[in-house]
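As structure tokens, the structure follows; a few thoughts come after it.
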Amino acid sequence: LAILEEATKFSEKDIQAWHAGFFRDCPDGQLTKEIFIRIFKRFYVHDNRAACFCKYVFGMFDKDNSGALNFVEFLLAISSKTQGDLEKRLELAFDMYDVSGNGEIELEELTNLIISMYDLVGETNRKDDNDPKSRAIEIFKKLDINNDKKLSKEEFIKAWEDNPDLVHMLAPQM
């Protein structure tokens with residue numbers, strides 16, 4: 001418990017509450033992608049829009065690609081997502097968007113992410129400025145400092161720190 005308190009900056013009471021909730025939803029101690037999607041749907045959207053977006057989030061949390069999270073992995077992921085400074089949260093966002101895990105975000109990855117975010121928020125207008133690929137290209141124009149058609153973690157973090165309004169480019173309804 002002391003190690004988790006130090007690592008997460010959560011209080012003992014908070015850790016115990018997270019623990020109780022985790023084992024209520026995952027009695028076998030394993031949070032699978034399916035359970036994660038079911039829980040996400042319960043709190044955010046109540047239909048199938050969550051599945052695609054959740055694969056990005058779950059993939060970010062499942063660092064060892066085992067297909068499941070134990071309580072410690074879950075708590076560490078939650079704490080880093082909710083308690084880190086801006087740069088730490090941007091690093092996590094980058095890792096979520098970098099589906100291939102190669103340390104760069106390519107245009108296709110960003111386009112697919114935008115599609116999943118549109119699905120999640122119910123954005124149906126995907127023409128002109130709202131076309132996912134056009135929107136991804138526009139984001140690349142703003143973020144890709146060295147024009148190599150890839151976004152490095154450094155480019156991503158610097159651009160978002162300099163212009164936090166870029167989130168509206170991903171999904172206008174967010």
request  = For N102, enumerate each residue passing the side-chain contact (heavy atoms from CB on, under 4.5 Å) test, keeping only those at least two apart in sequence or located in another chain.
outcome  = D98, S100, E104, E106
Residues forming a side-chain contact (heavy atoms from CB on, under 4.5 Å) with K141, sequence neighbours excluded = I137, E138
Would you list the atom pairs, donor with acceptor, under 3.5 Å between side chains in residues 71-78 and any protein atom, with sequence neighbours excluded?
unit_1: E73; atom_1: OE1; unit_2: N70; atom_2: N; d: 2.9

ask   = Which atom pair, heavy atoms only, marks the closest approach of S79 to A7?
value = OG-O, 4.5 Å
remark   = Interatomic distance, CG@L151 vs CG@L110, rounded to 0.5 Å, equals 7.0 Å
task = Could you tell me whether E5 atom CD has more than 12 heavy atoms of other residues or ligands within 6.0 Å of it?
result = yes
inquiry  = Let me confirm one number: the CZ-CG distance from F22 to L31, rounded to the nearest 0.5 Å.
reply    = 5.0 Å
key: Set of side-chain contact (heavy atoms from CB on, under 4.5 Å) partners for D62, sequence neighbours left out   = F58, D64, S66, L69
ask   = Any idea which heavy atoms bring L107 and F140 closest together, and the distance?
value = N-CZ, 3.4 Å
request  = Give me the one residue out of S134, S116, P132 that meets side-chain contact (heavy atoms from CB on, under 4.5 Å) with T111.
outcome  = P132
Single-linkage hydrophobic cluster, 4.5 Å side-chain cutoff, F23 and I39 together = yes
inquiry  = So, taking the atom named CZ in R38 and the one named CD in E34, what distance separates them when rounded to the nearest 0.5 Å?
reply    = 9.5 Å
ask   = Counting heavy atoms not belonging to L1, are there more than 12 under 6.0 Å from its CG?
value = yes
message = With a 6.0 Å cut-off (strictly less than), is the heavy-atom count around CG of D128, excluding the residue itself, greater than 12?
response = no
task = Enter the distance from N146:CG to E154:CD here, rounded to the nearest 0.5 Å.
result = 10.5 Å
message = According to salt bridge (Lys or Arg N to Asp or Glu O under 4.0 Å), who are the partners of K133, at least two apart in sequence or on a separate chain?
response = none
ask   = Which residues satisfy the side-chain contact (heavy atoms from CB on, under 4.5 Å) test with S11, sequence neighbours excluded?
value = K13, D14
query = Are any non-hydrogen side-chain atoms of I157 and F94 less than 4.5 angstrom apart?
reply = no
inquiry  = Rounded to the nearest 0.5 Å, what separates atom CG in L143 from atom CZ in F156?
reply    = 7.5 Å
query = Transitively linked via ILVMFWY side-chain contacts under 4.5 Å: I115 with I37?
reply = no
query = Any side-chain heavy atom of E155 sitting closer than 4.5 Å to one from D144?
reply = yes
request  = Check step by step if side chain to side chain contact (heavy atoms under 4.5 Å, CB included) holds for I139 and I114.
outcome  = CA-CA 11 Å; I139 291 170; I114 291 169; 4.0 Å; yes
message = With clusters defined by side-chain heavy atoms of hydrophobic residues (ILVMFWY) lying less than 4.5 Å apart, directly or transitively, does I15 cluster with W18?
response = yes
Whether over 12 other heavy atoms sit under 6.0 Å from K150 NZ = no
query = Looking only at heavy atoms, which two atoms of Y118 and R135 are closest? And how far apart?
reply = OH-NE, 2.6 Å
